[in-house]
J.: 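Quick one: the structure is below, questions incoming.
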Amino acid sequence: MSITTDLLAHVPLLRELAPADLERIASVTRRQEFEPGENIVEIGDPGRSLYLVLKGHVRVLYPAMSADFELARLEGGDFFGEMALLNGKPRSATVRAVDRVEALVLDKEEFRRILIDTPQVAVELLEAMSVRIRNADEQISTLSDKAVRDPLTGLLNRRAFDDRMGEEIERVRRYGTHFSLILADLDGFNSVNDVLGHDAGDEVLAWVGRILIEHTRAADVPFRIGGEEFAILCPSTDAPLARTMVRRLVGVIAEATPPVGHALTLTMSGGYAECPEHGRTVKEVYEVAERALRTAKAGGRNQVCGPEKTAHP
Ligand code: CMP
């Protein structure tokens with residue numbers, strides 16, 4: 001056995017191959033070394049070879065505006081560069097050596113011939129690629145979750161709120177359903193930050209987030225839509241029920257003790273509106289609920305107001 005054949009026998013992708021097949025592949029692969037930090041393949045380049053990592057580590061990177069995003073880390077036994085060879089498109093990512101990397105390089109035609117001649121290798125390749133797709137799916141879901149979630153409270157953010165309001169309005173229009181929007185705002189929150197500091201302010205916000213999750217029904221969706229502003233979208237909920245819910249929440253906040261290590265009485269004001277009763281667009285429903293919230297604030301805080309009696313035309 002030549003040295004390369006021996007090495008090939010230890011590459012998982014090729015492990016099912018007979019010695020004669022390995023001999024043939026060994027005769028057409030070349031061994032190559034890469035320095036730490038060297039780009040072995042670069043995104044956008046045409047793909048000419050497949051790389052089987054023998055030693056060292058590589059990072060698979062997707063260059064983004066702010067920094068390179070790491071898609072994966074590969075090590076001895078792994079392969080890369082298969083995608084461009086299979087789909088004829090440019091390299092999908094940059095692959096960079098982390099430390100000194102030793103790889104076997106196989107050119108495109110040879111790689112395709114191996115896949116056609118040896119179904120076991122094709123199956124191994126599919127298995128490895130399905131693991132990569134699954135990992136990529138997990139990364140995508142984590143990232144998209146980050147895009148819509150407020151990290152401090154764990155609640156959905158303003159962006160998610162705008163989307164969900166749009167969806168809920170569409171449901172009302174199509175299926176004749178109804179929902180209520182609750183807006184809630186902590187009273188005098190700035191003085192918490194001023195007196196106790198921003199860390200305590202953050203603790204309070206996270207605590208309010210937990211209360212909103214605990215004291216709403218499974219179908220209700222709480223959001224943090226601004227500094228100390230919260231919203232709750234309540235599907236299939238009419239205005240009287242929304243009123244009961246937000247009054248209960250305001251009561252819970254007023255009676256509970258925020259976990260900031262100091263005596264602190266915190267209150268919240270709330271407003272609500274029902275769709276389509278008080279508005280038929282995102283803007284209308286939001287504005288009615290916001291006006292109600294402002295009335296609650298103006299009326300002395302720690303209270304709840306609903307839409308003015310004039311119903312939507
Ligand atoms: P190719 O597109 O030819 O060149 C870049 C290589 O990076 C690609 O083939 C794969 O081998 C590898 N790659 C791209 N995306 C991922 C990923 N999400 N996980 C692991 N490897 C990847």
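Order of listing sets the numbers, starting from 1, for every ligand and every atom in it. Quantities reported herein were computed from a predicted structural model and do not represent experimental measurements.
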J.: Compare every heavy atom of G270 with every heavy atom of A296, then report the nearest pair and how far apart it is.
T.: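 For A296 versus G270, the nearest heavy atoms are CB-O, 3.6 Å.
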J.: Considering non-hydrogen atoms only, spot the tightest contact between R301 and G188 and give its length.
T.: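 Minimum heavy-atom contact is NH1-N, 3.7 Å.
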J.: Could you find the nearest protein heavy atom to atom 3 (O) of ligand 1 and give me its residue, atom name and distance?
T.: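 Here the nearest protein heavy atom works out to R91 NH1, 2.7 Å.
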J.: Are any of the N/O atoms in G81 less than 3.5 Å from those in ligand 1?
T.: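 By distance alone, the answer is yes.
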J.: Does the ring of F161 carry R149 above it, NZ/CZ under 6.0 angstrom from centre and within 45° of its axis?
T.: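 No, R149 and F161 do not form such a contact.
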J.: Among all protein heavy atoms in this structure, tell me which lies nearest to atom 17 (C) of ligand 1, with the distance rounded to 0.1 Å.
T.: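 Heavy-atom neighbour on the protein nearest atom 17 (C) of ligand 1: L71 CB, 4.1 Å.
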J.: Which one of Q120, H10, E124 satisfies the side chain to side chain donor-acceptor pair (under 3.5 Å) criterion with R15?
T.: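 The option that passes is E124.
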J.: Once ring pair (Phe, Tyr, Trp, His ring centres under 6.0 Å) is applied, do any residues pair with F80, and if so which ones, sequence neighbours excluded?
T.: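 F80 satisfies ring pair (Phe, Tyr, Trp, His ring centres under 6.0 Å) with Y51 once adjacent residues are dropped.
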J.: Taking the minimum heavy-atom distance to atom 12 (C) of ligand 1, which of L50, L74, V60, I43 ranks first?
T.: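 Ranked by closest heavy atom to atom 12 (C) of ligand 1, first place is V60.
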J.: Quick test: of every protein heavy atom, which one is nearest to atom 21 (N) of ligand 1, and how far off is it to 0.1 Å?
T.: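 Heavy-atom neighbour on the protein nearest atom 21 (N) of ligand 1: R132 CD, 3.7 Å.
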J.: For G47 and A84, work out which heavy atoms get closest and say how close.
T.: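 The answer is CA-CB, 3.8 Å.
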J.: Considering only heavy atoms of F80, which atoms of ligand 1 have at least one such atom less than 4.0 Å away?
T.: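 In order of number, 11 (O).
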J.: Given side chain to side chain contact (heavy atoms under 4.5 Å, CB included), test I114 with L106 step by step and report yes or no.
T.: CA-CA 10 Å; I114 292 170; L106 201 64; 3.6 Å; yes
J.: Among residues two or more places apart or on two chains, list those pairs meeting salt bridge (charged side-chain N to carboxylate O under 4.0 Å, His left out) that have a residue in residues 185-201.
T.: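 The answer is D185-K297, D187-K297.
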J.: Is ligand 1 under 4.0 Å from a heavy atom in the side chain of E82, in the backbone, in both, or in neither?
T.: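 The answer is both.
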J.: What protein heavy atom is closest to atom 14 (C) of ligand 1, reported as residue, atom name and distance in Å?
T.: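 For this ligand atom, the closest protein heavy atom is S92 OG, 3.5 Å.
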J.: With heavy atoms only and a cut-off of under 4.0 Å, state how V95 meets ligand 1: side chain, backbone, both or neither.
T.: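 For V95, the contact with ligand 1 is made by the side chain alone.
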J.: Give me the nearest non-hydrogen protein atom to atom 19 (N) of ligand 1 as residue plus atom name, then the distance to 0.1 Å.
T.: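 For atom 19 (N) of ligand 1, the nearest protein heavy atom is A72 CB, 3.6 Å.
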J.: Return a yes/no value for A84: is any of its N or O atoms, backbone included, closer than 3.5 angstrom to an N or O of ligand 1?
T.: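 Yes, there is a polar N/O contact under 3.5 Å.
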J.: Considering heavy atoms of the protein only, find what lies nearest to atom 5 (C) of ligand 1 and give residue, atom and distance to 0.1 Å.
T.: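 The closest heavy atom on the protein side is A93 O, 3.5 Å.
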